[in-house]
Amino acid sequence: MNIYNSLIVELPEDIKKAMYFGDYEKALELMDIYMDRNIPHILKNRIQYEKDRIRRLKEDYIYTFDEAFELASKKIKGFTKDELEKMKDEKYADWIYIDGEVKFIHSFLKNIIKVNTDLKNRVVNSDDDNKDSQLVGKTIDEIIENGEKKYFIHLKTGIRLKKEQARVGEKVRVHIPIPRNAQQIKNIKIHSTSYKPKFISPENHLQRTIYFEEKVQGEEIFTVEYSYENHIKYNVLDPKKVSNIQPTFYTEEWLPHIRFTPILKELAKEIIGQETNPLIKARKIYDYITKNIQYSFMPQYATITNIPEYCASNLKGDCGVQALLFITLCRIVNIPARWQSGLYSSPYYLGCHDWAEFYIEPYGWLFADPSHGGGALRNRDKKRWNFFFGNLDPFRMVANSEVNYDFTPMKNHYRYDPFDNQVGEIEYEDRFLSEHEYETILEPIEIKEL
(Lines give C-alpha, C1' and ligand atoms only; values in the text may rest on other atoms or scores of the structure.)
Protein backbone atom coordinates (compact mmCIF):
# COMPACT_ATOMS: atom_id res chain seq x y z
CA MET A 1 0.00 0.00 0.00
CA ASN A 2 1.14 3.57 -0.76
CA ILE A 3 2.31 4.92 2.61
CA TYR A 4 0.33 8.12 2.05
CA ASN A 5 -2.88 6.08 1.94
CA SER A 6 -2.30 5.31 5.63
CA LEU A 7 -3.69 8.79 6.29
CA ILE A 8 -7.16 7.24 6.20
CA VAL A 9 -6.30 5.57 9.54
CA GLU A 10 -6.91 7.32 12.88
CA LEU A 11 -4.06 7.61 15.36
CA PRO A 12 -4.46 5.96 18.79
CA GLU A 13 -6.29 8.25 21.21
CA ASP A 14 -3.35 8.90 23.57
CA ILE A 15 -1.17 10.02 20.68
CA LYS A 16 -3.98 12.31 19.48
CA LYS A 17 -4.32 13.87 22.94
CA ALA A 18 -0.63 14.72 23.00
CA MET A 19 -0.81 16.07 19.45
CA TYR A 20 -3.79 18.35 20.20
CA PHE A 21 -1.84 19.97 23.04
CA GLY A 22 1.28 20.23 20.94
CA ASP A 23 3.22 17.96 23.30
CA TYR A 24 5.22 16.49 20.47
CA GLU A 25 7.91 14.95 22.65
CA LYS A 26 5.30 12.89 24.49
CA ALA A 27 3.59 12.02 21.20
CA LEU A 28 6.87 10.72 19.80
CA GLU A 29 7.47 8.63 22.94
CA LEU A 30 4.02 7.07 22.59
CA MET A 31 4.61 6.42 18.89
CA ASP A 32 7.76 4.45 19.68
CA ILE A 33 5.80 2.33 22.15
CA TYR A 34 3.16 1.53 19.52
CA MET A 35 5.77 0.73 16.89
CA ASP A 36 7.05 -2.08 19.16
CA ARG A 37 3.57 -3.55 19.51
CA ASN A 38 1.77 -6.03 17.25
CA ILE A 39 -0.34 -3.47 15.38
CA PRO A 40 -1.50 -3.53 11.73
CA HIS A 41 1.10 -2.54 9.15
CA ILE A 42 -1.08 0.32 7.90
CA LEU A 43 -1.14 1.81 11.42
CA LYS A 44 2.65 1.55 11.61
CA ASN A 45 2.84 3.46 8.33
CA ARG A 46 0.46 6.07 9.74
CA ILE A 47 2.56 6.50 12.89
CA GLN A 48 5.77 6.72 10.87
CA TYR A 49 4.17 9.37 8.70
CA GLU A 50 3.05 11.29 11.81
CA LYS A 51 6.65 11.50 13.00
CA ASP A 52 7.58 13.32 9.82
CA ARG A 53 4.43 15.43 10.09
CA ILE A 54 5.56 16.70 13.51
CA ARG A 55 8.87 17.80 12.00
CA ARG A 56 7.03 19.68 9.27
CA LEU A 57 4.65 21.39 11.71
CA LYS A 58 7.61 22.68 13.69
CA GLU A 59 9.09 24.05 10.45
CA ASP A 60 5.90 25.90 9.55
CA TYR A 61 4.62 27.29 12.87
CA ILE A 62 7.44 29.41 14.22
CA TYR A 63 6.15 32.67 15.79
CA THR A 64 4.96 33.15 19.35
CA PHE A 65 2.09 35.58 19.95
CA ASP A 66 4.49 38.36 20.93
CA GLU A 67 6.76 37.73 17.95
CA ALA A 68 3.78 37.71 15.59
CA PHE A 69 2.47 40.96 17.06
CA GLU A 70 5.85 42.64 16.70
CA LEU A 71 6.06 41.67 13.02
CA ALA A 72 2.48 42.75 12.28
CA SER A 73 2.76 46.08 14.13
CA LYS A 74 5.76 47.03 11.96
CA LYS A 75 3.87 46.32 8.74
CA ILE A 76 0.34 47.50 9.64
CA LYS A 77 -0.23 51.00 11.02
CA GLY A 78 -1.84 51.07 14.46
CA PHE A 79 -2.08 47.28 14.70
CA THR A 80 -3.08 46.08 18.20
CA LYS A 81 -2.90 42.84 20.15
CA ASP A 82 -6.70 42.71 20.17
CA GLU A 83 -6.61 42.78 16.36
CA LEU A 84 -4.15 39.90 16.32
CA GLU A 85 -6.50 37.93 18.59
CA LYS A 86 -9.33 38.74 16.20
CA MET A 87 -7.24 37.69 13.18
CA LYS A 88 -6.50 34.43 15.00
CA ASP A 89 -10.15 33.73 15.81
CA GLU A 90 -11.41 34.71 12.35
CA LYS A 91 -8.89 32.39 10.61
CA TYR A 92 -6.80 35.10 9.01
CA ALA A 93 -3.79 34.16 11.18
CA ASP A 94 -3.26 30.38 11.26
CA TRP A 95 -1.89 28.86 14.49
CA ILE A 96 -1.40 25.64 16.44
CA TYR A 97 -0.22 24.67 19.90
CA ILE A 98 3.42 23.64 20.33
CA ASP A 99 4.27 22.62 23.88
CA GLY A 100 1.05 24.23 25.02
CA GLU A 101 1.95 27.60 23.51
CA VAL A 102 0.26 29.31 20.57
CA LYS A 103 2.53 29.40 17.53
CA PHE A 104 1.62 31.24 14.30
CA ILE A 105 2.49 29.99 10.82
CA HIS A 106 5.39 31.69 9.04
CA SER A 107 3.01 33.14 6.40
CA PHE A 108 0.43 34.60 8.81
CA LEU A 109 1.27 38.25 8.09
CA LYS A 110 1.29 37.77 4.33
CA ASN A 111 -2.12 36.14 4.64
CA ILE A 112 -3.59 38.92 6.81
CA ILE A 113 -2.51 41.57 4.31
CA LYS A 114 -3.69 39.62 1.24
CA VAL A 115 -7.10 38.49 2.47
CA ASN A 116 -8.33 41.12 4.94
CA THR A 117 -9.26 44.01 2.67
CA ASP A 118 -10.11 46.22 5.70
CA LEU A 119 -6.37 46.56 6.39
CA LYS A 120 -5.40 47.48 2.85
CA ASN A 121 -4.95 51.21 3.51
CA ARG A 122 -2.96 50.60 6.71
CA VAL A 123 -0.15 48.56 5.18
CA VAL A 124 3.28 50.22 5.39
CA ASN A 125 5.21 50.26 2.08
CA SER A 126 2.65 48.13 0.28
CA ASP A 127 4.18 46.28 -2.68
CA ASP A 128 0.84 45.38 -4.22
CA ASP A 129 1.34 45.35 -8.00
CA ASN A 130 -1.87 45.78 -9.94
CA LYS A 131 -0.34 45.22 -13.40
CA ASP A 132 -1.03 41.49 -13.41
CA SER A 133 -4.63 41.97 -12.29
CA GLN A 134 -5.17 44.57 -15.00
CA LEU A 135 -3.72 42.25 -17.64
CA VAL A 136 -5.96 39.38 -16.53
CA GLY A 137 -9.03 41.63 -16.63
CA LYS A 138 -8.15 42.86 -20.12
CA THR A 139 -7.41 39.29 -21.28
CA ILE A 140 -10.73 38.00 -19.95
CA ASP A 141 -12.58 40.77 -21.79
CA GLU A 142 -10.80 39.86 -25.04
CA ILE A 143 -11.45 36.12 -24.60
CA ILE A 144 -15.15 36.79 -24.08
CA GLU A 145 -15.28 39.17 -27.05
CA ASN A 146 -13.12 37.21 -29.52
CA GLY A 147 -13.71 33.66 -28.32
CA GLU A 148 -10.06 32.68 -27.86
CA LYS A 149 -6.58 33.74 -26.79
CA LYS A 150 -3.13 32.23 -27.40
CA TYR A 151 0.16 32.83 -25.60
CA PHE A 152 3.73 31.65 -26.15
CA ILE A 153 5.52 31.05 -22.86
CA HIS A 154 9.25 30.39 -22.46
CA LEU A 155 10.54 29.73 -18.92
CA LYS A 156 13.61 28.62 -17.03
CA THR A 157 12.90 26.70 -13.83
CA GLY A 158 14.87 24.63 -11.40
CA ILE A 159 16.46 24.09 -8.00
CA ARG A 160 19.60 25.56 -6.45
CA LEU A 161 21.06 23.47 -3.64
CA LYS A 162 22.09 25.78 -0.80
CA LYS A 163 25.80 25.81 -0.07
CA GLU A 164 25.39 24.66 3.52
CA GLN A 165 23.43 21.61 2.32
CA ALA A 166 26.01 20.58 -0.29
CA ARG A 167 27.51 17.18 0.57
CA VAL A 168 30.42 17.14 -1.85
CA GLY A 169 30.88 13.77 -3.50
CA GLU A 170 27.45 12.40 -2.56
CA LYS A 171 24.79 11.58 -5.14
CA VAL A 172 21.76 13.82 -5.33
CA ARG A 173 18.51 13.01 -7.19
CA VAL A 174 16.38 15.84 -8.58
CA HIS A 175 12.90 15.96 -10.17
CA ILE A 176 11.82 19.24 -11.78
CA PRO A 177 8.27 19.68 -13.16
CA ILE A 178 7.91 20.37 -16.88
CA PRO A 179 4.88 20.98 -19.13
CA ARG A 180 2.65 17.98 -19.88
CA ASN A 181 -0.06 17.31 -22.42
CA ALA A 182 -3.27 19.10 -21.48
CA GLN A 183 -6.25 20.46 -23.37
CA GLN A 184 -4.81 24.00 -23.47
CA ILE A 185 -1.08 23.16 -23.79
CA LYS A 186 0.49 22.83 -27.25
CA ASN A 187 3.94 22.58 -28.85
CA ILE A 188 6.00 21.69 -25.79
CA LYS A 189 9.75 22.05 -26.35
CA ILE A 190 12.71 21.51 -24.03
CA HIS A 191 15.51 23.88 -25.07
CA SER A 192 18.34 23.29 -22.60
CA THR A 193 19.29 21.82 -19.22
CA SER A 194 22.10 22.55 -16.76
CA TYR A 195 23.02 18.82 -16.68
CA LYS A 196 22.25 15.99 -19.03
CA PRO A 197 18.99 14.50 -17.72
CA LYS A 198 18.86 10.84 -16.76
CA PHE A 199 15.18 10.63 -17.73
CA ILE A 200 12.37 12.78 -19.11
CA SER A 201 8.82 11.64 -18.38
CA PRO A 202 6.48 11.15 -21.35
CA GLU A 203 4.31 14.14 -22.19
CA ASN A 204 1.19 12.36 -20.90
CA HIS A 205 2.67 11.46 -17.49
CA LEU A 206 0.23 12.67 -14.83
CA GLN A 207 2.98 14.39 -12.83
CA ARG A 208 5.57 15.08 -15.48
CA THR A 209 9.19 15.77 -14.52
CA ILE A 210 12.71 15.90 -15.87
CA TYR A 211 15.08 13.83 -13.72
CA PHE A 212 18.72 14.53 -12.86
CA GLU A 213 21.16 12.39 -10.90
CA GLU A 214 24.59 13.85 -10.12
CA LYS A 215 27.41 13.82 -7.58
CA VAL A 216 27.52 17.09 -5.68
CA GLN A 217 30.54 19.27 -6.41
CA GLY A 218 29.44 22.45 -4.63
CA GLU A 219 26.46 24.79 -4.75
CA GLU A 220 24.67 22.69 -7.37
CA ILE A 221 22.14 24.27 -9.74
CA PHE A 222 19.68 22.10 -11.70
CA THR A 223 17.66 23.91 -14.36
CA VAL A 224 15.58 23.25 -17.43
CA GLU A 225 14.57 25.77 -20.07
CA TYR A 226 11.35 25.01 -21.95
CA SER A 227 8.61 26.64 -23.99
CA TYR A 228 5.02 25.86 -24.86
CA GLU A 229 1.87 27.49 -26.16
CA ASN A 230 -1.30 28.03 -24.16
CA HIS A 231 -4.47 28.03 -26.30
CA ILE A 232 -7.68 29.10 -24.58
CA LYS A 233 -11.11 28.97 -26.19
CA TYR A 234 -14.11 30.61 -24.55
CA ASN A 235 -16.91 28.34 -23.39
CA VAL A 236 -20.43 29.77 -23.39
CA LEU A 237 -22.38 27.43 -21.12
CA ASP A 238 -26.09 26.77 -21.34
CA PRO A 239 -27.75 24.31 -18.92
CA LYS A 240 -30.48 23.66 -21.52
CA LYS A 241 -27.89 22.15 -23.88
CA VAL A 242 -26.55 19.66 -21.35
CA SER A 243 -26.92 16.04 -22.43
CA ASN A 244 -29.05 13.56 -20.47
CA ILE A 245 -26.20 11.04 -20.71
CA GLN A 246 -23.01 11.87 -18.80
CA PRO A 247 -19.78 9.83 -18.40
CA THR A 248 -18.71 8.18 -15.15
CA PHE A 249 -14.91 8.45 -15.43
CA TYR A 250 -13.14 10.54 -12.76
CA THR A 251 -16.05 10.09 -10.34
CA GLU A 252 -14.31 7.64 -7.99
CA GLU A 253 -12.42 8.19 -4.75
CA TRP A 254 -8.64 8.67 -4.95
CA LEU A 255 -7.06 8.05 -1.57
CA PRO A 256 -5.97 9.55 0.71
CA HIS A 257 -7.56 12.93 -0.03
CA ILE A 258 -10.41 12.48 -2.50
CA ARG A 259 -12.52 10.62 0.03
CA PHE A 260 -16.31 10.54 0.24
CA THR A 261 -16.50 11.13 3.97
CA PRO A 262 -19.83 11.66 5.80
CA ILE A 263 -19.37 15.41 6.19
CA LEU A 264 -18.49 15.88 2.51
CA LYS A 265 -21.40 13.73 1.34
CA GLU A 266 -23.77 15.69 3.56
CA LEU A 267 -22.31 19.00 2.36
CA ALA A 268 -22.72 17.96 -1.28
CA LYS A 269 -26.33 17.01 -0.59
CA GLU A 270 -27.05 20.36 1.07
CA ILE A 271 -25.41 22.33 -1.76
CA ILE A 272 -27.13 20.47 -4.59
CA GLY A 273 -30.58 20.00 -3.09
CA GLN A 274 -32.97 18.59 -5.68
CA GLU A 275 -30.99 19.81 -8.70
CA THR A 276 -30.38 17.18 -11.41
CA ASN A 277 -28.65 19.19 -14.17
CA PRO A 278 -24.89 18.48 -13.82
CA LEU A 279 -23.83 21.92 -15.08
CA ILE A 280 -26.02 23.65 -12.51
CA LYS A 281 -24.81 21.25 -9.83
CA ALA A 282 -21.19 22.10 -10.62
CA ARG A 283 -22.01 25.82 -10.52
CA LYS A 284 -23.69 25.41 -7.13
CA ILE A 285 -20.53 23.77 -5.80
CA TYR A 286 -18.37 26.54 -7.28
CA ASP A 287 -20.63 29.20 -5.78
CA TYR A 288 -20.54 27.58 -2.36
CA ILE A 289 -16.74 27.49 -2.31
CA THR A 290 -16.18 30.98 -3.68
CA LYS A 291 -18.74 32.50 -1.30
CA ASN A 292 -17.85 30.59 1.86
CA ILE A 293 -14.20 29.47 1.78
CA GLN A 294 -11.78 32.15 2.97
CA TYR A 295 -8.48 32.19 1.12
CA SER A 296 -5.60 31.22 3.38
CA PHE A 297 -1.94 30.39 2.85
CA MET A 298 -1.41 26.86 4.10
CA PRO A 299 1.16 24.82 5.96
CA GLN A 300 2.83 22.06 3.96
CA TYR A 301 0.14 19.87 2.38
CA ALA A 302 1.88 16.89 3.96
CA THR A 303 0.67 18.10 7.38
CA ILE A 304 -3.02 17.88 6.39
CA THR A 305 -4.49 14.38 6.62
CA ASN A 306 -7.63 15.08 4.54
CA ILE A 307 -7.39 18.25 2.48
CA PRO A 308 -11.00 18.59 1.18
CA GLU A 309 -12.49 17.81 4.60
CA TYR A 310 -10.10 20.29 6.20
CA CYS A 311 -11.38 22.94 3.78
CA ALA A 312 -15.04 22.13 4.39
CA SER A 313 -14.67 22.00 8.19
CA ASN A 314 -12.50 25.08 8.61
CA LEU A 315 -13.94 27.16 5.75
CA LYS A 316 -10.47 28.20 4.62
CA GLY A 317 -7.78 27.10 2.19
CA ASP A 318 -5.46 28.14 -0.61
CA CYS A 319 -5.85 27.43 -4.34
CA GLY A 320 -5.08 23.70 -4.11
CA VAL A 321 -7.20 23.11 -1.03
CA GLN A 322 -10.19 24.81 -2.67
CA ALA A 323 -9.63 22.94 -5.94
CA LEU A 324 -9.55 19.58 -4.12
CA LEU A 325 -12.79 20.40 -2.32
CA PHE A 326 -14.41 21.30 -5.66
CA ILE A 327 -13.17 18.06 -7.25
CA THR A 328 -14.30 15.88 -4.37
CA LEU A 329 -17.78 17.42 -4.12
CA CYS A 330 -18.22 17.12 -7.90
CA ARG A 331 -17.27 13.45 -7.82
CA ILE A 332 -19.64 12.77 -4.93
CA VAL A 333 -22.54 14.01 -7.10
CA ASN A 334 -21.23 12.05 -10.14
CA ILE A 335 -19.67 14.93 -12.04
CA PRO A 336 -16.24 13.95 -13.46
CA ALA A 337 -13.57 16.22 -12.03
CA ARG A 338 -9.80 16.21 -11.93
CA TRP A 339 -6.74 18.21 -10.94
CA GLN A 340 -4.55 20.65 -12.85
CA SER A 341 -1.56 22.46 -11.41
CA GLY A 342 1.86 23.86 -12.14
CA LEU A 343 2.64 27.53 -12.54
CA TYR A 344 0.81 30.77 -13.07
CA SER A 345 3.00 32.46 -15.69
CA SER A 346 2.07 35.95 -16.81
CA PRO A 347 4.45 38.74 -17.89
CA TYR A 348 4.08 40.27 -14.40
CA TYR A 349 4.04 37.27 -12.09
CA LEU A 350 5.46 33.75 -12.05
CA GLY A 351 4.49 31.40 -9.21
CA CYS A 352 2.77 28.21 -8.13
CA HIS A 353 -0.93 27.63 -8.69
CA ASP A 354 -3.60 24.87 -8.64
CA TRP A 355 -7.07 24.66 -10.17
CA ALA A 356 -9.57 22.06 -11.46
CA GLU A 357 -11.30 20.61 -14.50
CA PHE A 358 -14.78 19.15 -14.66
CA TYR A 359 -16.55 17.33 -17.48
CA ILE A 360 -20.00 18.10 -18.87
CA GLU A 361 -21.45 16.71 -22.11
CA PRO A 362 -21.59 18.13 -24.75
CA TYR A 363 -18.91 20.66 -23.72
CA GLY A 364 -16.21 18.23 -22.62
CA TRP A 365 -13.60 19.23 -20.04
CA LEU A 366 -14.22 22.66 -18.53
CA PHE A 367 -12.10 24.68 -16.11
CA ALA A 368 -12.85 25.86 -12.59
CA ASP A 369 -10.54 28.05 -10.54
CA PRO A 370 -12.29 28.57 -7.19
CA SER A 371 -9.51 30.58 -5.55
CA HIS A 372 -9.29 33.09 -8.40
CA GLY A 373 -13.09 33.16 -8.56
CA GLY A 374 -13.32 33.74 -4.83
CA GLY A 375 -10.75 36.51 -5.02
CA ALA A 376 -12.77 38.17 -7.78
CA LEU A 377 -15.93 37.95 -5.70
CA ARG A 378 -14.08 39.36 -2.67
CA ASN A 379 -13.15 42.34 -4.87
CA ARG A 380 -16.72 42.65 -6.23
CA ASP A 381 -15.71 41.65 -9.77
CA LYS A 382 -18.62 39.44 -10.86
CA LYS A 383 -17.48 39.20 -14.48
CA ARG A 384 -14.22 37.58 -13.39
CA TRP A 385 -16.06 35.43 -10.83
CA ASN A 386 -18.35 34.06 -13.54
CA PHE A 387 -15.48 33.61 -16.00
CA PHE A 388 -13.50 31.26 -13.76
CA PHE A 389 -16.38 28.81 -13.78
CA GLY A 390 -15.97 27.03 -17.12
CA ASN A 391 -13.04 29.10 -18.38
CA LEU A 392 -9.44 29.97 -17.63
CA ASP A 393 -6.87 32.60 -18.51
CA PRO A 394 -3.92 31.55 -20.76
CA PHE A 395 -1.23 32.23 -18.14
CA ARG A 396 -0.74 28.66 -16.92
CA MET A 397 1.93 25.95 -17.13
CA VAL A 398 0.37 22.52 -16.56
CA ALA A 399 2.75 19.96 -15.05
CA ASN A 400 0.22 17.85 -13.11
CA SER A 401 -3.18 16.36 -13.87
CA GLU A 402 -3.43 14.20 -10.75
CA VAL A 403 -2.63 14.41 -7.04
CA ASN A 404 -0.63 11.85 -5.08
CA TYR A 405 0.90 10.29 -8.18
CA ASP A 406 4.38 8.73 -8.44
CA PHE A 407 7.22 10.26 -10.40
CA THR A 408 9.14 8.27 -12.98
CA PRO A 409 11.63 7.23 -11.74
CA MET A 410 10.13 7.01 -8.26
CA LYS A 411 11.65 8.80 -5.30
CA ASN A 412 13.43 6.79 -2.63
CA HIS A 413 12.12 8.84 0.28
CA TYR A 414 9.13 10.96 1.26
CA ARG A 415 8.43 13.88 -0.99
CA TYR A 416 8.48 17.42 0.36
CA ASP A 417 5.01 17.68 -1.22
CA PRO A 418 3.60 14.15 -1.52
CA PHE A 419 0.50 15.26 -3.41
CA ASP A 420 1.46 17.96 -5.87
CA ASN A 421 4.63 19.08 -7.68
CA GLN A 422 5.07 22.69 -8.69
CA VAL A 423 8.74 23.52 -8.12
CA GLY A 424 10.47 20.14 -7.81
CA GLU A 425 11.93 17.64 -5.36
CA ILE A 426 15.50 16.84 -4.32
CA GLU A 427 16.94 14.02 -2.19
CA TYR A 428 20.18 12.42 -1.07
CA GLU A 429 20.59 8.67 -0.63
CA ASP A 430 19.50 8.86 3.03
CA ARG A 431 16.75 11.54 3.06
CA PHE A 432 14.73 14.11 1.15
CA LEU A 433 15.40 17.84 1.38
CA SER A 434 12.91 20.39 2.69
CA GLU A 435 12.05 23.70 1.06
CA HIS A 436 14.40 25.70 3.31
CA GLU A 437 17.38 23.61 2.14
CA TYR A 438 17.24 24.73 -1.48
CA GLU A 439 16.14 27.69 -3.55
CA THR A 440 13.52 27.62 -6.28
CA ILE A 441 14.42 29.06 -9.67
CA LEU A 442 11.51 30.54 -11.63
CA GLU A 443 12.65 32.84 -14.45
CA PRO A 444 10.55 34.11 -17.37
CA ILE A 445 12.47 34.18 -20.67
CA GLU A 446 9.69 35.32 -23.00
CA ILE A 447 5.91 35.57 -22.58
CA LYS A 448 4.02 36.99 -25.55
CA GLU A 449 0.63 36.83 -27.17
CA LEU A 450 0.38 34.89 -30.41
Side-chain angles (χ1 to χ4, degrees), residues 3-37 39-40 42-72 81-112 256-257 259 261-264 294 296-318 321 414 416-419 434-436:
I3 193 170
Y4 302 118
N5 288 356
S6 68
L7 294 180
I8 66 176
V9 176
E10 285 284 341
L11 290 167
E13 65 174 357
D14 48 355
I15 295 177
K16 286 197 292 185
K17 289 174 184 176
M19 291 294 297
Y20 286 145
F21 190 66
D23 189 349
Y24 293 149
E25 294 305 314
K26 185 63 178 179
L28 290 168
E29 289 178 15
L30 292 169
M31 289 176 197
D32 288 339
I33 292 172
Y34 275 97
M35 292 296 279
D36 289 334
R37 292 176 176 172
I39 58 176
I42 190 173
L43 180 55
K44 286 193 174 185
N45 280 346
R46 176 70 180 89
I47 290 172
Q48 192 63 42
Y49 187 91
E50 194 68 13
K51 290 183 176 184
D52 185 65
R53 183 170 171 267
I54 287 173
R55 181 193 59 76
R56 293 172 186 262
L57 288 168
K58 287 182 175 181
E59 282 184 348
D60 284 346
Y61 293 86
I62 59 175
Y63 296 122
T64 65
F65 186 94
D66 289 339
E67 289 169 339
F69 172 68
E70 184 179 357
L71 285 170
K81 289 188 176 182
D82 286 342
E83 283 184 297
L84 182 55
E85 283 285 1
K86 185 178 180 182
M87 296 296 103
K88 173 174 167 282
D89 293 343
E90 294 184 353
K91 304 181 186 297
Y92 291 108
D94 190 21
W95 64 278
I96 61 171
Y97 283 120
I98 296 182
D99 297 327
E101 183 180 22
V102 169
K103 287 290 188 75
F104 289 92
I105 195 168
H106 60 82
S107 57
F108 86 95
L109 182 56
K110 183 180 177 183
N111 196 71
I112 288 174
H257 288 290
R259 260 189 277 168
T261 62
I263 186 174
L264 294 179
Q294 182 171 286
S296 178
F297 293 114
M298 300 302 296
Q300 299 172 48
Y301 279 9
T303 66
I304 307 172
T305 56
N306 185 326
I307 291 174
E309 189 166 279
Y310 173 96
C311 188
S313 298
N314 294 285
L315 296 178
K316 67 176 183 177
D318 66 3
V321 171
Y414 286 150
Y416 174 73
D417 186 342
F419 311 112
S434 295
E435 187 179 42
H436 66 276

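Treat the numbers as computed from the prediction; the structure is a model and nothing was measured. Below, all heavy atoms of this structure are taken into account, side chains as well, without hydrogens, waters or symmetry copies.
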Approximate separation, where rounding is to 0.5 Å, of [X] [atom1] and [Y] [atom2]:
X    : Y    : atom1 : atom2 : value
N306 : I263 : CG    : CD1   : 9.5 Å
L71  : I112 : CG    : CD1   : 10.0 Å
K26  : E29  : NZ    : CD    : 5.0 Å
D99  : D23  : CG    : CG    : 6.5 Å
I98  : I62  : CD1   : CD1   : 9.5 Å
L264 : S313 : CG    : OG    : 7.5 Å

Does any N or O in the side chain of [X] come within less than 3.5 Å of the main-chain N or O of [Y], such that one atom is a donor and the other an acceptor?
X    : Y    : answer
N314 : K316 : no
R53  : T303 : yes
D60  : I105 : no
Y24  : L57  : no
N45  : I3   : no

For atom [atom1] of [X], is the number of surrounding heavy atoms from other residues, nucleotides or ligands below 6.0 Å larger than 12?
X    : atom1 : result
K86  : NZ    : no
E67  : CD    : yes
E435 : CD    : no
Y414 : OH    : yes
K110 : NZ    : no

Carefully, step by step, assess V102 and T64 under the rule side chain to side chain contact (heavy atoms under 4.5 Å, CB included).
CA-CA 6 Å; V102 169; T64 65; over 6 Å; no
Check: [Y] and [X] side chains under 4.5 Å, non-hydrogen atoms:
X    : Y    : result
D417 : Q300 : no
L43  : P12  : yes
M35  : Q48  : yes
E309 : R259 : no
N5   : I42  : no

Ignoring hydrogens, what is the shortest heavy-atom contact between [X] and [Y]? Give both atom names and the distance.
X    : Y    : result
A312 : L315 : O-CD2, 3.7 Å
D94  : Y61  : OD2-OH, 2.6 Å
P418 : A302 : CD-CB, 3.6 Å
A72  : L109 : CA-CD1, 3.8 Å
F297 : N111 : N-OD1, 2.7 Å
D14  : L30  : O-CD1, 3.6 Å

Tell me whether R46 is salt-bridged to E10, with the criterion being a basic N under 4.0 Å from an acidic carboxylate O.
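No, this pair does not count.
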Taking 4.0 angstrom as the limit, do K44 and E50 come out as a salt bridge?
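A salt bridge is absent here (no side-chain N lies under 4.0 Å from a carboxylate O).
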Among Y310, F419, Y4, find the residue that satisfies the ring-ring contact (aromatic ring centres under 6.0 Å, His included) test when tested with H257.
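With H257 as partner, Y310, F419, Y4 yield a single ring-ring contact (aromatic ring centres under 6.0 Å, His included), made by F419.
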Step by step, would you call D52 with R55 a salt bridge (charged side-chain N to carboxylate O under 4.0 Å, His left out)?
CA-CA 5 Å; D52 185 65; R55 181 193 59 76; 3.0 Å; yes
Taking the six-membered ring for Trp, are H106 and Y63 closer than 6.0 Å centroid to centroid?
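Centroid separation for H106 and Y63: 6.0 Å or greater.
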Parallel, tilted or perpendicular: rings of F108 and F104 (30°, 60°):
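The arrangement is tilted - the two ring planes meet at 30° to 60°.
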Begin from the C-alpha positions of L11 and K17 and carry the test side chain to side chain contact (heavy atoms under 4.5 Å, CB included) through to its verdict.
CA-CA 10 Å; L11 290 167; K17 289 174 184 176; over 6 Å; no
Under a plain distance cut-off of 3.5 Å, with no hydrogens placed, do S434 and E59 share a side-chain donor-acceptor pair?
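Yes, S434 and E59 have a side-chain donor paired with an acceptor closer than 3.5 Å.
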Let me see the working for K81 and E85 under salt bridge (charged side-chain N to carboxylate O under 4.0 Å, His left out), right down to the final yes or no.
CA-CA 6 Å; K81 289 188 176 182; E85 283 285 1; over 6 Å; no
